[in-house]
Structures are given as structure tokens and as C-alpha cells.
Visitor: 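Below you will find the structure I want to go over with you.
Note that ligands are numbered from 1 as they come in the structure, with each ligand's atoms numbered from 1 the same way.
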Amino acid sequence: MSTIGQLYIVPTPIGNLADMTFRAVSVLTDVDLIAAEDTRHSQKLMQHYGIDTRLISLHDHNEGQRAQQLLEKLQQGSNIALISDAGTPLISDPGYGLVNVCRQAGVKVIPLPGACAAITALSAAGLATDRFKFEGFLPVKKLARTQALEVLALETATTVFYESPRRIADTVSLIVETLGQERPVVLAKELSKTFETFYSGSAGECLAWLLADDNHQRGEFVLLISGVKVDKSMVSNEALSLLKRLMQELPLKKAAAITAEQFGLKKNTLYQLGLTLPES
Ligand code: SAM
């Protein structure tokens, strides 16, 4: 039998303390050590569940060095759990460095399913979930933020962002500027907490809602942007088949332009349709 320890990735609640799984409590109770983003913050959760396992910090500023120390402990036989301040570790949270060194060293990494704000928001936002992109936090600098939003002009999948209350109104205002005020947006706020709110509407309506009351900007946010919809019924089978043939030889932009010209359609409609087609 192997004497090497195992690393458990353990999600914790994103607001409602009852959102711990039985398995999460039992793993945190049984391991030898818990690596936590902020040990003081996590103490509250430990007390709530009567867990007295020793905590050690692992955050953005010490992860490189800490990962090596934890790897040694695992190799000496300790079982370790990784938690973050809220939700699933590694999802816009520390832990990647540790998981990476463990995998490379052949240490078993066992993830527990559990709370994650992005997935919780997505499951109830009312936007398409067959394809979605998780983009974490937008860059802080305005130019980089603008560029990150501009690429969504033709995105057909739902895009999910995390956003801070300080920036939420600015970000939605930038969405209006870059993607137009009609783009459907959902603001998922304070998930699993007393004042949980979903506000959905056009980007313009979401901005007006945020600006209408300072309280609307308070709390934690997941911001979801709908993908662009393509009305396939506007495009005849002949146009579709030309587009497909041209796409085998030409870049999509060019193929869409030629087909649009030929059938008197909008280039953008054909471009978006092309994005949804398989490449071959
Ligand atoms: N690892 C976490 C997860 O699995 O969701 C995310 C950590 S990230 C540092 C924190 C961000 O997640 C917040 O700024 C907010 O955008 C989002 N978030 C976390 N809890 C939330 C909640 N209860 N309601 C809405 N958004 C939340």
C-alpha cells in the first residue's frame, strides 16, 4: 500500500454556511492539514462545523514556496486539503501551483464537487448553457477591459465574469459602449445569501438598474453576457451551402462577405452563422 498522502480540493460555501457537503466536512475533519487562502477567515467555517484540523496559509504571495513544503509533507504521508475563502479553490482563487506540482510528482489530487459562484449563477440566469466561457475577473485597466469586451461582439456562447461591487457599474457601462445597449445581460448578486438577486435585461436596462440605487451596486456579483443569436431561418439553404463551401478555402470573414454579396444578406449574420458551423 502507498504511504504517500493525497491532496483534496474542497469547495466551501459562497455565502450560505449550510452549503457544505457531508463529504467536505468529513474530509476536512480527517486530513492532517488544511491549506487555506486566509486562515483567520476560514476559522469561522471550522468553528461552525466543529473541525479542529490545523490550518496553514496558502495564498497568491506564498504559493510557490508553500507548494514545495506541502508536496514534501504529502510525500512523507500526510493527507492535505486545500480550501479558499469561498467556493471552489483554483476558480479565480489560489491553488494552481500546488495542484500542478502534485500532479507532476505523481501525488493523487482528489477534487470534491461543490459551491462555485459562476456555475450557481449560470444555472439560474436564464441564458443559454449549452456553451459558455468563464473569463474570471476583467482586467483593471480601461484599455485592456475594453479590448476584453470588444472580442465578445461576435461571441455566440454565454460569457461569465466575476466582478467587484466597486467596478460593476463601470463595467456594465463599458458593455453598453462596446457591445451596444441591447445586448442581454444578467447580474447575479449575493448568491445563496439573504439578499440574493437576479436582474436580467438589456445592457442599458442593467446599467439603469445599477445607477438607480446605490444598494443595487453593493455585494458580490457574477456578470453574465448573452452570446449573439443567429437567426438561421433568414439564410436560405443555397446561401448556407455556398458559405460552407467557401469556408473550406477562405477565412470566415471573406467567405461571409462573398456569400452576403451573392444573396443580398448581412455580412455579420453570415459571419455569426459561420462561427456555429463545424470547421470541416
Ligand atoms: N472560488 C470562488 C468560486 O468558486 O466561485 C470565486 C472566488 S473569486 C476571488 C470571488 C468572486 O466570486 C467575487 O468577487 C464575485 O464576483 C464571485 N462571488 C463569490 N461569491 C459570490 C456570491 N455569493 N454571489 C455572487 N458572486 C459571488
Visitor: Would you mind listing which atoms of ligand 1 come within a distance below 4.0 Å of any non-hydrogen atom of K193?
Guide: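 Under 4.0 Å from K193, ligand 1 has these atoms: 23 (N).
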Visitor: Quick test: of every protein heavy atom, which one is nearest to atom 22 (C) of ligand 1, and how far off is it to 0.1 Å?
Guide: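 Its nearest protein heavy-atom neighbour is L191 N, 3.6 Å.
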Visitor: With a 6.0 Å cut-off (strictly less than), is the heavy-atom count around CD of Q65, excluding the residue itself, greater than 12?
Guide: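 Atom CD in Q65 is not packed in, count stays at 12 or less.
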Visitor: When the ring centroid of F161 is compared with that of F221, is the distance short of 6.0 Å?
Guide: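 For F161 and F221, the ring centres are not under 6.0 Å apart.
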Visitor: Got a salt bridge between E182 and K229, using NZ or NE/NH1/NH2 to carboxylate O under 4.0 Å?
Guide: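 Salt bridge flag = no for K229 with E182.
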Visitor: For ligand 1, is F161 a contact, meaning one of its heavy atoms is under 4.0 Å away?
Guide: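 Outside the 4.0 Å threshold, so no.
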Visitor: If you count heavy atoms of other groups shown closer than 6.0 angstrom to OH of Y96, is the number above 12?
Guide: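 No, OH of Y96 has 12 or fewer neighbouring heavy atoms, counting only those of other groups under 6.0 Å.
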Visitor: Starting from atom 23 (N) of ligand 1, find the nearest protein heavy-atom neighbour and note its residue, name and distance.
Guide: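 Going atom by atom, the protein heavy atom closest to atom 23 (N) of ligand 1 ends up being I14 O, 2.8 Å.
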Visitor: In the protein, which heavy atom is nearest to atom 25 (C) of ligand 1, and how far is it?
Guide: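 Heavy-atom neighbour on the protein nearest atom 25 (C) of ligand 1: E220 O, 3.2 Å.
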Visitor: Do you know the tightest heavy-atom contact between T88 and D93?
Guide: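 The answer is O-OD2, 4.0 Å.
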Visitor: Assess G15 for proximity to ligand 1: is some non-hydrogen atom of it under 4.0 Å away?
Guide: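 It does not; every heavy atom stays at 4.0 Å or beyond.
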Visitor: Quick one: does ligand 1 sit under 4.0 Å from the side chain of E163, the backbone, both or neither, non-hydrogen atoms only?
Guide: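 The answer is the backbone.
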Visitor: Got the closest protein heavy atom to atom 17 (C) of ligand 1, with its distance?
Guide: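 Among all protein heavy atoms, the one nearest atom 17 (C) of ligand 1 is Y162 CD2, 3.6 Å.
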Visitor: Give the atoms of ligand 1, by number and element, whose distance to some non-hydrogen atom of D93 is under 4.0 Å.
Guide: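 Result: 1 (N), 2 (C), 7 (C), 9 (C).
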Visitor: Between F221 and ligand 1, which part of the residue brings a heavy atom under 4.0 Å of the ligand: side chain, backbone, both or neither?
Guide: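 Backbone only; the side chain of F221 stays clear of ligand 1.
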Visitor: Give a yes or no on whether Q43 atom CD has more than 12 heavy-atom contacts from other residues, nucleotides or ligands under 6.0 Å away.
Guide: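 Enclosed.
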Visitor: Identify, for atom 18 (N) of ligand 1, the protein heavy atom at the shortest distance, and state residue, atom and that distance.
Guide: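 Of the protein heavy atoms, A117 CB, 3.5 Å lies nearest.
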Visitor: Give the atom numbers and elements of ligand 1 that come within less than 4.0 Å of a heavy atom of A86.
Guide: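 Taking each heavy atom of A86 in turn, ligand 1 has 1 (N), 2 (C) under 4.0 Å.
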Visitor: Mind checking whether L74 and C102 have side chains closer than 4.5 Å, heavy atoms only?
Guide: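 A side-chain contact exists here, since the closest heavy-atom pair is under 4.5 Å.
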Visitor: Closest non-hydrogen protein atom to atom 14 (O) of ligand 1, residue and atom name please, with distance?
Guide: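 Heavy-atom neighbour on the protein nearest atom 14 (O) of ligand 1: F137 CZ, 3.4 Å.
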Visitor: Measuring from atom CG of L70 to atom CD of E63, what distance do you get when rounded to the nearest 0.5 angstrom?
Guide: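 It is 9.5 Å, given to the nearest 0.5 Å.
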Visitor: Under a 4.0 angstrom heavy-atom cut-off, which atoms of ligand 1 come close to T88?
Guide: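 It comes down to these atoms of ligand 1: 1 (N), 3 (C), 4 (O).
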Visitor: Looking only at protein heavy atoms, which one is nearest to atom 8 (S) of ligand 1, and what is the separation?
Guide: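 Answer for atom 8 (S) of ligand 1: S92 O, 3.7 Å.
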Visitor: To the nearest 0.5 angstrom, please state how far the CG atom of L174 sits from the CG atom of L138.
Guide: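 CG of L138 is found 8.0 Å from CG of L174.
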Visitor: Under 4.0 Å from a heavy atom of G87: give me the atoms of ligand 1 that qualify, with their elements.
Guide: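 By the 4.0 Å cutoff, the relevant atoms are 3 (C), 4 (O).
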Visitor: Given side-chain contact (heavy atoms from CB on, under 4.5 Å), test I80 with V31 step by step and report yes or no.
Guide: CA-CA 6 Å; I80 299 179; V31 289; 5.9 Å; no
